[in-house]
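Please read the structure below before turning to the comments.
Naming convention: chains lettered A, B, ... in sequence-line order (proteins, then strands); numbering from 1 in each chain.
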Number of protein chains: 2
Amino acid sequence: MKKKITLKQIARELDVSISTVSKALRDSIEISEDTRQKVQAFAKLYNYRPNNIALSLKNRKTKTIGVIIPEIVHHFFSKVISGIELVANKRGYNVIIGLSNESFDKEVINMQMLANGSIDGFILSIAKETLQQQDYHHFKETINQGMPIVMFDRIVNEIHCDKVIIDDLKGSKNAVSKLLSNGCKNVAIITTKDYVSVGKLRTQGYLEALEAYEITPDTDLILKVDDELVSDDRLESLEREIEGLFQNNKNIDGVFAVNELYAIIAMKVARNLGMKIPDDIQFIGFTDGVLSKHATPSLSTVSQHGQEMGEAAAKLLIDNLERDDEEERYTTIVIETELIERNSTK
Amino acid sequence: MKKKITLKQIARELDVSISTVSKALRDSIEISEDTRQKVQAFAKLYNYRPNNIALSLKNRKTKTIGVIIPEIVHHFFSKVISGIELVANKRGYNVIIGLSNESFDKEVINMQMLANGSIDGFILSIAKETLQQQDYHHFKETINQGMPIVMFDRIVNEIHCDKVIIDDLKGSKNAVSKLLSNGCKNVAIITTKDYVSVGKLRTQGYLEALEAYEITPDTDLILKVDDELVSDDRLESLEREIEGLFQNNKNIDGVFAVNELYAIIAMKVARNLGMKIPDDIQFIGFTDGVLSKHATPSLSTVSQHGQEMGEAAAKLLIDNLERDDEEERYTTIVIETELIERNSTK
DNA sequence: TGTCAACACGAAAACGTTTTCGCTATGAAT
DNA sequence: ATTCATAGCGAAAACGTTTTCGTGTTGACA
């Protein structure tokens, strides 16, 4: 087992100084051709690589990005990470992951763990609990210490930083408009409680679409589900809620759901009730994931383009990190959504 | 913007030495009650936290685990990460992610990026291309340099290190036996090419189950699909392949697929051909993901318990890192699979 | 008064780099 | 012969810690 070799060891071995070795390896003109070759050959032989930690300490930058997300077993978030990793790697950065698990405390702890010099900046999506408690001091403190943050998807206006979002309102408005233009007269929405910003916005898009078609919203057709974090028994009760929705409103002929799972479950319930998709009832979901694509019938969805969001966020952060003018100008990038039409709509 | 404060700054501010500050913060008995309180108060006021990079350099350990996986937009792998993160965090470690994207080169580059001091050890699952080329020098070198590796799922016997696997053979043998005991007479398997070790093992399990039931394997019923990495047009051709399988073998009444997607697609094809599930034909997949649970009919699967695998791998690695006896004894942990019966089987 | 332990603190090394500055020897130019 | 530029290299500082060792002051005790 030959341990990693250091400059000091090379220096001792070749009977030169550490500085000489360092310079020789970086092709400095100060060093004679002779010694340069000697050093480089030796270094190659022993497979020398500069110690990253030492470099980080010296340069006061780690070339590492911290990413905090609510969960990773989730198509959207893993897509985003995939995008982050892509541009980060291309630009010589590493990605270090923290999971908040939708918990405020874990979010804070994770950020503290990373903010002590381990990373150069954050990319994050806010935990639900944090959104509920509306306690954002940890973000403010981090930014105050000079560590840049890029937020994506679940953001909050109160915090002043770079952001990458989609136009939730427009995306859902489009989707609902599509249902209406496809002939649906009674479109229901399955959404989340309002504290989830995206849920709220998507509900608003629904309402605006109705308005554009001069339809008065019917509160009976708006189902606000308690939580997105779905355990197995929550699933059961969700099914019953949706079943109730359909039973009490026999005229429903279109459903817009603010996420993929709600839409899939609603389709299942509808089919069990004997409705034909898309003839009797049409469905559109939000967030294009593996479920939408492979469901039967395949589900039309509003794609969030998670990978692009990740790429944009990473670009924003790294550009910021490598920009030397100190002038802070925060930008918000809006990624366009895309309505992917499949077999759950006509 | 108040930047992070250092020991040196505290020392200067309070007119004591750096050593005194350091000791005071760590409650050393060398320091008088007076100065201790003064220093601690000051540190708290300025929210002092030791710089992680400096600590890493000094201690020659980073308390960070490097994870290299083929892709992250994948239920199984994200589950594993989730498990790794859980125990890593609990034990004060961070997790840094590298994606090989199934490419040999990216695997090597990623490992080099991390092996230069950024991490204390690796947890990884081998890229397909690496398995094909059978070039494992980067693993050997890493281990030789004293950096421990834990492999999970896609392993290779040639490399001597800790491993976490499932009993692929047993898992698939169980699944196929289940189909047979459910009355299936002609069970087909949809599998991958043999270079993917798990594909090979699962195929073998299939054969052993048949043997146990004294059934002679029919090569027509063994469909070896080219690649697991499925792009959209690959999907189409996969459907046609499976359709061919069914058309040419009308007697098939059971299907075992080595992953979830193959099973879902096969179910779809079968349904389109007018077969009733599970009456005419039964299905079991491998890898319990979101598709299996929410498909209609829901798919019976062999669960790999990804999260547990991640937890076990992290525990193995950290135990190794924190053990001081130098005696190397590699262990292989086998995580039990579980057959989850849903509606695609009787 | 002289000795010694205990106390409280500081200096410095070490981790592995990079970089600035200074030094010496060589040869050329005056 | 003296000056001077230059080539080639080394010493040391710096990044932020922790820890070992040394040192000065105090008070107690013989």
Side-chain angles (χ1 to χ4, degrees), chain A residues 3-40 42-43 46-64 92 114-120 145-147, chain B residues 3-40 42-43 46-64 113-120 145-147:
Chain A
K3 282 268 184 194
K4 294 219 60 93
I5 199 171
T6 69
L7 287 186
K8 191 191 281 193
Q9 297 173 44
I10 300 184
R12 195 184 312 139
E13 216 62 37
L14 296 179
D15 209 39
V16 290
S17 79
I18 296 182
S19 349
T20 303
V21 177
S22 176
K23 289 172 191 165
L25 290 176
R26 335 198 98 250
D27 286 329
S28 160
I29 49 158
E30 286 185 45
I31 304 300
S32 72
E33 187 61 22
D34 252 22
T35 29
R36 217 190 64 194
Q37 297 209 347
K38 190 175 59 176
V39 170
Q40 294 195 349
F42 191 90
Y46 281 87
N47 194 28
Y48 168 80
R49 304 251 184 262
N51 180 305
N52 237 319
I53 295 291
L55 284 181
S56 295
L57 184 59
K58 177 134 192 48
N59 301 330
R60 267 111 123 248
K61 51 178 87 167
T62 62
K63 291 238 155 200
T64 302
L114 297 183
N116 302 323
S118 302
I119 61 163
D120 295 339
Q145 285 177 0
M147 176 155 310
Chain B
K3 282 268 183 193
K4 294 218 61 93
I5 200 172
T6 69
L7 286 187
K8 191 191 282 191
Q9 297 172 43
I10 301 184
R12 195 183 313 140
E13 215 63 36
L14 296 179
D15 209 39
V16 291
S17 79
I18 297 183
S19 349
T20 303
V21 177
S22 176
K23 289 171 189 164
L25 290 176
R26 334 199 98 251
D27 287 327
S28 160
I29 48 158
E30 284 186 45
I31 303 300
S32 72
E33 187 61 20
D34 251 22
T35 30
R36 218 190 62 195
Q37 298 209 347
K38 189 175 60 175
V39 170
Q40 293 195 350
F42 191 90
Y46 282 87
N47 194 30
Y48 169 79
R49 303 252 181 261
N51 180 305
N52 236 319
I53 295 292
L55 285 180
S56 295
L57 184 59
K58 178 135 191 48
N59 302 330
R60 265 112 122 249
K61 52 177 88 164
T62 62
K63 291 239 157 199
T64 303
M113 255 186 108
L114 297 183
N116 302 322
S118 303
I119 62 162
D120 295 340
Q145 286 177 359
M147 175 155 310

With the side chain counted from C-beta on, respond yes when [X] and [Y] share a heavy-atom pair under 4.5 Å apart, and no when they do not.
{"X": "B:Arg49", "Y": "B:Asn47", "result": "yes"}
{"X": "A:Thr20", "Y": "A:Glu30", "result": "no"}
{"X": "B:Ile5", "Y": "B:Phe42", "result": "yes"}
{"X": "B:Thr35", "Y": "B:Val21", "result": "no"}
{"X": "B:Gln37", "Y": "B:Glu33", "result": "yes"}

Checklist entry - When you look at OH of B:Tyr46, are more than 12 heavy atoms from neighbouring residues, nucleotides or ligands closer to it than 6.0 Å? => result no

Item to check | Toward the 5' end of DNA chain D, by each residue's nearest nucleotide, A:Ile29 or B:Lys58 | outcome: A:Ile29

Checklist outcome for this item: Ranking A:Thr35 and B:Leu55 by the position along DNA chain D of their nearest nucleotide, the one closer to 5' is A:Thr35

Checklist entry - Given atom CZ of B:Arg26 and atom P of D:dT20, what is their separation to the nearest angstrom? => result 12 Å

Next on the checklist: Please classify the nucleic acid contact of A:Leu7 as base, sugar-phosphate, or nothing, using heavy-atom distances under 4.0 Å.
Outcome noted: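 The residue A:Leu7 makes base contact.
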
Checklist entry - With sugar-phosphate meaning primed atoms plus P, OP1 and OP2, does A:Arg49 contact a base, only sugar-phosphate, or nothing at under 4.0 Å between heavy atoms? => result sugar-phosphate

Show me the protein contacts with nucleotides 24-26 of chain D, counting only N or O atoms at under 3.5 Å.
none

Item to check | 5' to 3' contact window, DNA chain C with chain A (heavy-atom distance under 4.0 Å) | outcome: C:dC15 to C:dC21

Item to check | From CA spacing to verdict: side-chain contact (heavy atoms from CB on, under 4.5 Å), B:Val39, B:Lys23 | outcome: CA-CA 10 Å; B:Val39 170; B:Lys23 289 171 189 164; over 6 Å; no

Item to check | SB check B:Arg36 B:Asp27 (cutoff 4.0 Å) | outcome: yes

Checklist entry - Can you check whether B:Thr62's main-chain N or O pairs, donor with acceptor, with B:Thr64's side chain at less than 3.5 Å? => result yes

Next on the checklist: For B:Lys63, is there any backbone N or O sitting under 3.5 Å from a side-chain donor or acceptor partner on B:Asp120?
Outcome noted: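 Yes; at least one donor-acceptor contact below 3.5 Å.
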
Checklist entry - With B:Tyr48, which residues qualify under ring pair (Phe, Tyr, Trp, His ring centres under 6.0 Å), at least two apart? => result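 In terms of ring pair (Phe, Tyr, Trp, His ring centres under 6.0 Å), with neighbours along the sequence ignored, B:Tyr48 is linked to no residue.
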
Item to check | Most 5' of B:Asp34 and B:Ala54 on DNA chain C, judged by nearest nucleotide | outcome: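 The residue closer to the strand's 5' end, by nearest nucleotide, is B:Asp34.
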
Checklist outcome for this item: On DNA chain C, more 5' by nearest nucleotide between B:Glu33 and B:Arg60 is B:Glu33

Checklist entry - In degrees, rounded to 10°, what is the bend between the two ends of the helix from C:dT1-D:dA30 to C:dT30-D:dA1, using five pairs at each? => result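 It comes to 90° between the two terminal axes.
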
Table please: side-chain donor-acceptor pairs of residues 50-58 of chain A below 3.5 Å, with sequence neighbours left out.
residue	atom	partner	partner atom	Å
A:Asn51	OD1	A:Ile53	N	2.7
A:Asn51	OD1	A:Ala54	N	3.0
A:Asn52	ND2	B:Met113	O	3.4
A:Asn52	ND2	B:Ser118	OG	3.3
A:Ser56	OG	A:Asn52	O	3.0

Checklist entry - Which heavy atom in A:Lys4 sits nearest to a heavy atom in B:Gln145, and how many Å separate them? => result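 Nearest heavy atoms, A:Lys4 then B:Gln145: NZ-OE1, 3.6 Å.
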
Next on the checklist: Any residue in residues 18-25 of chain B with a heavy atom nearer than 4.0 angstrom to DNA chain C? Just list them by number, or reply none.
Outcome noted: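 Here the set is B:Ser19, B:Thr20, B:Lys23.
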
